[in-house]
Amino acid sequence: MSENNRGDGNRSARERLQQQREREKAREKKRRVLIVSAAVVGVLGLAAVVGVIAAGSDKDSGSDKAGPVVAPSGATEEDAKPAIPTGKSDAPSTLAVWEDFRCPACAQFENAFRDTIHELEATGALKAEYHLATLIDGNMGGSGSLRAANAAACAQDAGKFTAYHDTLYMNQPPETDDTFGDNAELIELAAKVPGLDTPAFRSCVNDGTHDSWVVKSNEAFQNGGFRGTPSVLLNGESIFPQKGNEQISPENLKKWVAEANKGKQPGTASPAAPASPSAG
């Protein structure tokens with residue numbers, strides 16, 4: 001082999017090796033980008049992604065439930081959107097939360113923002129409206145979303161909604177586990193809320209007193225154009241997972257409420273006392 005041929009062969013080998021190294025670097029860079037992107041999604045965006053996927057798979061769970069619509073005590077229905085209100089009724093800002101007790105993204109939101117929401121409610125800066133959906137039942141099968149929502153409505157009748165709502169999210173089973181489909185489990189969790197586990201509450205849970213009301217609430221969710229759960233709106237504007245260019249956080253939620261309430265007086269009116277549920 002001539003020296004020229006040998007030199008050409010060496011250059012070709014070096015070029016192939018260089019090209020291979022560049023391809024490996026490109027693959028590694030792509031892998032790192034994917035890992036970083038996944039980490040960012042995991043911090044906050046995962047909640048929205050999970051909700052979107054779940055909402056797209058809902059099958060109107062519980063729509064075959066019959067019986068009259070029995071609203072829980074103190075429930076509201078502005079614009080045909082059933083809700084359970086919390087906080088001072090004349091608070092200047094309103095936080096609307098659409099959620100599902102089986103939804104892991106909803107538990108992430110609640111566990112991250114529970115204390116902040118309670119603090120803002122206590123100062124009269126904010127009231128909340130909880131809209132209950134059953135999309136995970138349709139997505140994963142089972143009845144835990146419906147059963148838990150009915151039980152939460154029963155807790156509202158007893159004036160214990162907030163405490164029981166928080167208890168359900170703090171004891172949420174894995175999404176694929178329909179533990180909340182068992183009324184006995186829901187009644188057992190009620191024991192964690194002082195004064196809730198009564199014969200009236202048990203009867204309400206076991207009889208599915210508010211099932212049709214929950215179905216109506218879920219229909220409002222399906223017809224509302226929401227991407228998934230949780231869907232969170234402050235004074236009608238979506239703030240989850242972000243508001244404008246700012247991501248939601250406890251600090252930003254406080255800031256957004258303060259901005260919305262500038263020049264307004266805090267609420268002082270206590271929520272209405274529980275009364276006997278009525279058919280609607």
Side-chain angles (χ1 to χ4, degrees), residues 34-58 61 83-84 86-87 95-121 126 128-140 142 144-149 151-152 155 161-181 185-186 189 192 217-218 221 224 226-234 237-257:
L34 290 173
I35 291 173
V36 172
S37 298
V40 171
V41 168
V43 171
L44 178 63
L46 175 61
V49 172
V50 171
V52 170
I53 294 171
S57 304
D58 185 52
S61 172
I84 293 176
T86 63
L95 189 74
V97 184
W98 295 79
E99 58 186 14
D100 181 326
F101 285 109
R102 285 183 71 184
C103 164
C106 298
Q108 291 175 19
F109 170 77
E110 287 294 340
N111 292 333
F113 290 88
R114 177 183 301 116
D115 292 344
T116 301
I117 293 172
H118 290 341
E119 178 184 338
L120 290 169
E121 287 181 328
L126 183 74
E129 295 175 348
Y130 290 93
H131 303 268
L132 309 183
T134 61
L135 60 92
I136 303 299
D137 285 355
N139 184 35
M140 305 300 299
S145 300
L146 175 64
R147 300 262 50 78
F161 172 79
T162 297
Y164 188 63
H165 164 276
D166 294 351
T167 296
L168 289 176
Y169 278 117
M170 286 187 283
N171 292 273
Q172 186 189 71
E175 185 181 14
T176 55
D177 187 344
D178 195 35
T179 300
F180 284 171
E185 175 69 17
L186 297 169
L189 287 174
K192 296 179 178 290
S217 178
N218 185 63
F221 171 80
F226 300 105
R227 295 188 306 163
T229 54
S231 287
V232 186
L233 298 87
L234 178 62
E237 179 183 359
S238 176
I239 61 169
F240 184 90
Q242 62 187 53
K243 177 179 181 289
N245 295 322
E246 295 181 292
Q247 284 196 327
I248 192 171
S249 67
E251 294 74 19
N252 277 343
L253 179 57
K254 290 180 180 179
K255 183 185 75 170
W256 297 336
V257 170

request  = State whether the side chain of N111 and the backbone N or O of M170 hold a donor-acceptor pair below 3.5 Å, judged by distance alone.
outcome  = no

request  = Identify the two heavy atoms, one from F180 and one from P173, that lie closest to each other, and give their separation to 0.1 Å.
outcome  = CZ-CD, 3.5 Å

ask   = Quick check: does any side chain N or O of Q172 sit under 3.5 Å from a backbone N or O of C103, one acting as donor and the other as acceptor?
value = yes

query = Ignoring hydrogens and geometry, is there a side-chain-to-backbone donor-acceptor pair from D100 to I136 under 3.5 Å?
reply = yes

ask   = For the atom pair CG (L253) and CG (L126), what is the distance rounded to the nearest 0.5 Å?
value = 6.5 Å

note = In this structure, CH2 of W98 is separated from CD of E129 (nearest 0.5 Å) by 9.5 Å

request  = Report the C-alpha distance between N252 and K243 in whole Å, list the side-chain angles of each, state the deciding distance to 0.1 Å, and finish with yes or no for side-chain contact (heavy atoms from CB on, under 4.5 Å).
outcome  = CA-CA 9 Å; N252 277 343; K243 177 179 181 289; over 6 Å; no

message = Under the criterion side-chain contact (heavy atoms from CB on, under 4.5 Å), I'd like the reasoning laid out for L95 against I239: C-alpha separation, chi angles, the key distance, then a yes or no.
response = CA-CA 10 Å; L95 189 74; I239 61 169; 3.8 Å; yes

inquiry  = On a heavy-atom basis, which atom in D177 and which in T179 lie closest, and how many Å separate them?
reply    = OD1-OG1, 2.8 Å

request  = Kindly say whether L132 contributes a backbone atom to a donor-acceptor pair with the side chain of S217 at under 3.5 angstrom?
outcome  = yes

ask   = Can you find a heavy atom in the side chain of L233 that is under 4.5 Å from one in the side chain of F226?
value = yes

query = So, W256 versus E246: side-chain donor-acceptor pair below 3.5 Å or not?
reply = yes

inquiry  = Tell me which one of Y164, F101, F109, F161 satisfies ring pair (Phe, Tyr, Trp, His ring centres under 6.0 Å) with Y130.
reply    = F161

remark   = When every non-hydrogen atom of H131 is compared with those of A96, the smallest separation belongs to NE2-CB, 4.2 Å

key: Steps toward side-chain contact (heavy atoms from CB on, under 4.5 Å) verdict (E99, V232)   = CA-CA 9 Å; E99 58 186 14; V232 186; over 6 Å; no

message = Around atom NZ of K192, are there more than 12 heavy atoms from other residues, nucleotides or ligands closer than 6.0 Å?
response = no

key: Distance-minimising heavy-atom pair for P250 and A112   = CG-O, 3.8 Å

key: Inter-residue atom distance L168.CG - E185.CD, 0.5 Å rounding   = 9.5 Å

key: H118 side chain reached by T162 side chain, heavy atoms, under 4.5 Å   = yes

inquiry  = Here's a test for you: under side-chain hydrogen bond (donor to acceptor under 3.5 Å, both in side chains), which of N139, D137, T134 qualifies with R102?
reply    = D137

Chi angles and distances behind the side-chain contact (heavy atoms from CB on, under 4.5 Å) call for E110, H165 = CA-CA 10 Å; E110 287 294 340; H165 164 276; 3.3 Å; yes

Smallest separation among heavy atoms of S145 and A133, with atom names = CB-O, 4.2 Å

request  = Taking all heavy atoms of A151 and all of L186, pick out the closest pair and write down the distance.
outcome  = CB-CD1, 4.0 Å

